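Reviewing the structure listed below.
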2 protein chains.
Amino acid sequence: MKLITRDTDYAVRALCLIAQRKGCIVSVKKLALALQLPRPFLRKILQQLNKKKILESFKGQSGGFILAKEPAKIFLTDIMRIFQGKPSLNECFLKKIVCPHTGSCPLRKKIVKIEDYVLRELGTVSIALLLRS
Amino acid sequence: MKLITRDTDYAVRALCLIAQRKGCIVSVKKLALALQLPRPFLRKILQQLNKKKILESFKGQSGGFILAKEPAKIFLTDIMRIFQGKPSLNECFLKKIVCPHTGSCPLRKKIVKIEDYVLRELGTVSIALLLRS
DNA sequence: CATAATGATACTATAATTGTATCATTTGTC
DNA sequence: GACAAATGATACAATTATAGTATCATTATG
Ligand code: FES
Ligand code: FES
């Protein structure tokens, strides 16, 4: 029952560091060193964040990444969506045979309710919030 | 972000069927047939449920399983715990380097809060409840 | 032009999940 | 008592997801 994968984890940690160097371009090399993470893996992650417009990238010598948004506008759910797909907890697991009443099922309602709650709560956690801790 | 694995899924579905045959001993063969699930896999699952005292088993010809508890006392969280370990969402993923303040961190508080909520909600879903749907 | 960075992408390794196979043991039936 | 049909226990195999590596092309800096 893992809510957050390592992709997301690394991404958040990197984003925090980048946010701390306000405006400075930070290279994967420095980040991997500072966070003690595998460099090629981290690189792949940052590239994905770039594609999704969370980071902005600069090529060439002394290139690297900066945030593409304010830290207060980057939320945990954004990152999770990128690396873990859409955060649906589960489809109804009785749908196949036993249960045909998708509309009125208490389990389904519970799952939906739980999902909403989790997303709402995680949606309040931003990079800026994490930095203030 | 999968909350429920297939183990749990199959287990719940089997438990629902067994519950419907109140008191009757049901064999894996019949269950696998009725639910259209792989028989050896389902068997392993039921054996685990037996070990955990959720099912009672009977050997020999015309053997099989019955519930060891009332359907109203078998909860989703019980099943999840068996197949998915203790349902902890995640440890603090900044703990290694950036963040040493495990006590006062908003992320940590959120995660704990979310975890509590999920468990509380799932803890209200019993086999009996599912049957009434 | 050399160097040091990212972009894109293919590949590999490891771990978790999902499922199978087998042999021993128990019990009802002929 | 022999046989069939069930579970107990356990080892093994296959599949999928996660985690991580490698490589080559491209771009910018000095
Ligand atoms: S169990 Fe099927 S809709 Fe709920
Ligand atoms: S980020 Fe570390 S305790 Fe919260």
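Numbers restart at 1 for each chain; the letters A, B, ... are given by sequence-line order, proteins then strands. Predicted, not measured: the structure shown is a model, and the values here were computed from it.
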Sequence neighbours excluded, which residues qualify as salt bridge (Lys or Arg N to Asp or Glu O under 4.0 Å) partners of B:Lys73? B:Glu70

A:Lys30 NZ to C:dA4 C1', in whole Å, measures 12 Å

Determine: side-chain N/O of B:Tyr10 to OP1/OP2 of C:dG19, distance under 4.0 Å, yes or no. yes

Pairs touching residues 42-76 of chain A that satisfy ring pair (Phe, Tyr, Trp, His ring centres under 6.0 Å), sequence neighbours left out: none

Restricting to salt bridge (Lys or Arg N to Asp or Glu O under 4.0 Å), what partner residues turn up for B:Glu56, sequence neighbours left out? none

To the nearest angstrom, how far is A:Lys29 atom NZ from C:dT3 atom P? 13 Å

Is the distance from OP1 or OP2 of D:dG8 to the nearest side-chain N or O of B:Ser57 less than 4.0 Å? yes

Which whole-number value in Å describes the distance from A:Ile82 CD1 to D:dT18 P? 16 Å

d(CD1, B:Ile25; C1', C:dT27) in whole Å: 11 Å

For B:Gly63, which contact category applies under a 4.0 Å heavy-atom criterion: base, sugar-phosphate, or nothing? sugar-phosphate

Take atom CZ of A:Phe65 and atom C1' of D:dA28, then tell me their distance rounded to the nearest Å. 14 Å

Show every ring pair (Phe, Tyr, Trp, His ring centres under 6.0 Å) that has at least one partner inside residues 30-54 of chain A, sequence neighbours left out. A:Tyr10-A:Phe41

Check this for me: does any side-chain nitrogen of one of A:Asp116 and A:Arg120 sit under 4.0 Å from a carboxylate oxygen of the other? no

Separation of D:dT7 C1' from B:Ile18 CD1 (nearest whole Å): 13 Å

When you look at A:Leu46 and A:Leu55, which way does the side chain to side chain contact (heavy atoms under 4.5 Å, CB included) test go after all the steps? CA-CA 7 Å; A:Leu46 296 191; A:Leu55 287 177; 3.8 Å; yes

Sorted by number, residues from residues 39-50 of chain B placing a heavy atom under 4.0 Å from DNA chain C are B:Pro40, B:Phe41, B:Arg43, B:Lys44

Which of these nucleotides, D:dA28, C:dT6, D:dT7, is closest to any side-chain atom of B:Lys59? D:dT7

Enumerate donor-acceptor pairs with a distance under 3.5 Å from any side-chain N or O in residues 23-35 of chain A to protein atoms, sequence neighbours excluded.
| from | atom 1 | to | atom 2 | distance (Å) |
| --- | --- | --- | --- | --- |
| A:Ser27 | OG | A:Lys30 | N | 3.3 |

B:Lys53 atom NZ is separated from D:dG8 atom C1', nearest whole Å, by 14 Å

Nucleotide C:dT17, atom P - distance to CD1 of B:Ile4 in whole Å: 14 Å

